[in-house]
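The structure appears right after this line, and notes come after that.
Nothing here was measured: the structure is a model prediction, and the numbers come from that model. Below, all heavy atoms of this structure are taken into account, side chains as well, without hydrogens, waters or symmetry copies.
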Amino acid sequence: MYRLSILYGHPQDPTAFDEYYWNTHIPIAREMTGLKKWTIGHGESADPSLPSPYYLVVGLYADSRAELEAVLASPQGQAAVADVPNFATGGVTFVYSHERDLL
């Protein structure tokens with residue numbers, strides 16, 4: 001299984017980020033087809049006394065990197081990617097990984 005991790009840095013205005021993300025971006029992104037799994041979680045530091053390096057961590061899953069790239073290359077995927085600069089004021093990083101379940 002392949003995962004595309006989308007790592008959002010801390011936004012300038014977390015309330016505005018959350019509002020836009022959930023009410024505008026997610027409806028756009030939900031139009032994408034071909035994903036096996038999709039996860040979203042707020043970042044938490046391993047050391048509770050330190051802030052997390054990421055505000056939001058998103059995982060998009062498919063059987064191969066080619067399948068993930070096809071999802072993003074689709075018109076719906078392109079619309080979702082094009083929307084990211086509208087709210088990601090803290091920056092965003094995309095990382096592909098080939099994952100293997102060990103348990």
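- The aromatic rings of Y55 and F17 stand perpendicular to each other, their planes meeting at an angle above 60°, with 30° marking the opposite boundary.
- Atoms NE2 and OG, from H42 and S52 in turn, are 10.5 Å apart once rounded to the nearest 0.5 Å.
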Between L35 and M32, is a side-chain contact (heavy atoms from CB on, under 4.5 Å) present by the stated rule, with each step listed? CA-CA 8 Å; L35 296 173; M32 296 185 303; 4.1 Å; yes

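- Proximity of a side-chain donor or acceptor of S74 to a complementary backbone N or O of V71 within less than 3.5 Å is detected.
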Decide side-chain contact (heavy atoms from CB on, under 4.5 Å) for I40 and L56; before the verdict, give the C-alpha distance in whole Å, the side-chain angles of both, and the deciding distance to 0.1 Å. CA-CA 7 Å; I40 299 172; L56 195 70; 3.8 Å; yes

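- In the hydrophobic clustering of ILVMFWY residues, with side-chain heavy atoms under 4.5 Å counting as a link, W38 and M1 come out apart.
- Two residues are said to be in side-chain contact when any heavy atoms from C-beta on lie closer than 4.5 Å; F87 and H25 meet this criterion.
- Within the 3.5 Å criterion, the main-chain N or O of A79 finds no donor-acceptor partner in the side chain of D83.
- Cluster membership check: V92 does not share its hydrophobic cluster with V95, using side-chain heavy-atom separations under 4.5 Å among Ile, Leu, Val, Met, Phe, Trp and Tyr.
- Every residue two or more places apart in sequence or in another chain that forms a side chain to side chain contact (heavy atoms under 4.5 Å, CB included) with Q12 is listed here: T89.
- Contact check for T39 versus Y61: side-chain heavy atoms found under the 4.5 Å cut-off.
- Take Y2 and apply the side chain to side chain contact (heavy atoms under 4.5 Å, CB included) test, not counting sequence neighbours, and it matches R65, L68, H98.
- Using a 4.5 Å cut-off between side-chain heavy atoms of Ile, Leu, Val, Met, Phe, Trp and Tyr, with links allowed through other members, Y20 and I6 fall into the same hydrophobic cluster.
- Annotation: side chain of L7 is in contact with side chain of S5 (closest heavy-atom distance under 4.5 Å).
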Stepwise, does the side-chain contact (heavy atoms from CB on, under 4.5 Å) test hold for N86 with V84? CA-CA 5 Å; N86 293 327; V84 170; over 6 Å; no

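- By the 4.5 Å heavy-atom criterion applied to side chains, Y21 and V58 are counted as neighbours.
- Between D101 and L103 there is no side-chain heavy-atom pair separated by less than 4.5 Å.
- Remark: E44 CD is loosely packed, at most 12 non-hydrogen atoms of other residues, nucleotides or ligands lying under 6.0 Å away.
- In terms of modelled atom types and a separation under 3.5 Å, the side chain of Q76 and the main chain of T33 share no donor-acceptor contact.
- Annotation for G34 and A62: closest pair O-CB, 4.4 Å, computed over non-hydrogen atoms.
- Side chains of S45 and D47: a donor-acceptor N/O pair is absent below 3.5 angstrom, by distance only.
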Run the numbers on Y8 and V57 for side-chain contact (heavy atoms from CB on, under 4.5 Å), then give the verdict. CA-CA 6 Å; Y8 292 99; V57 178; over 6 Å; no

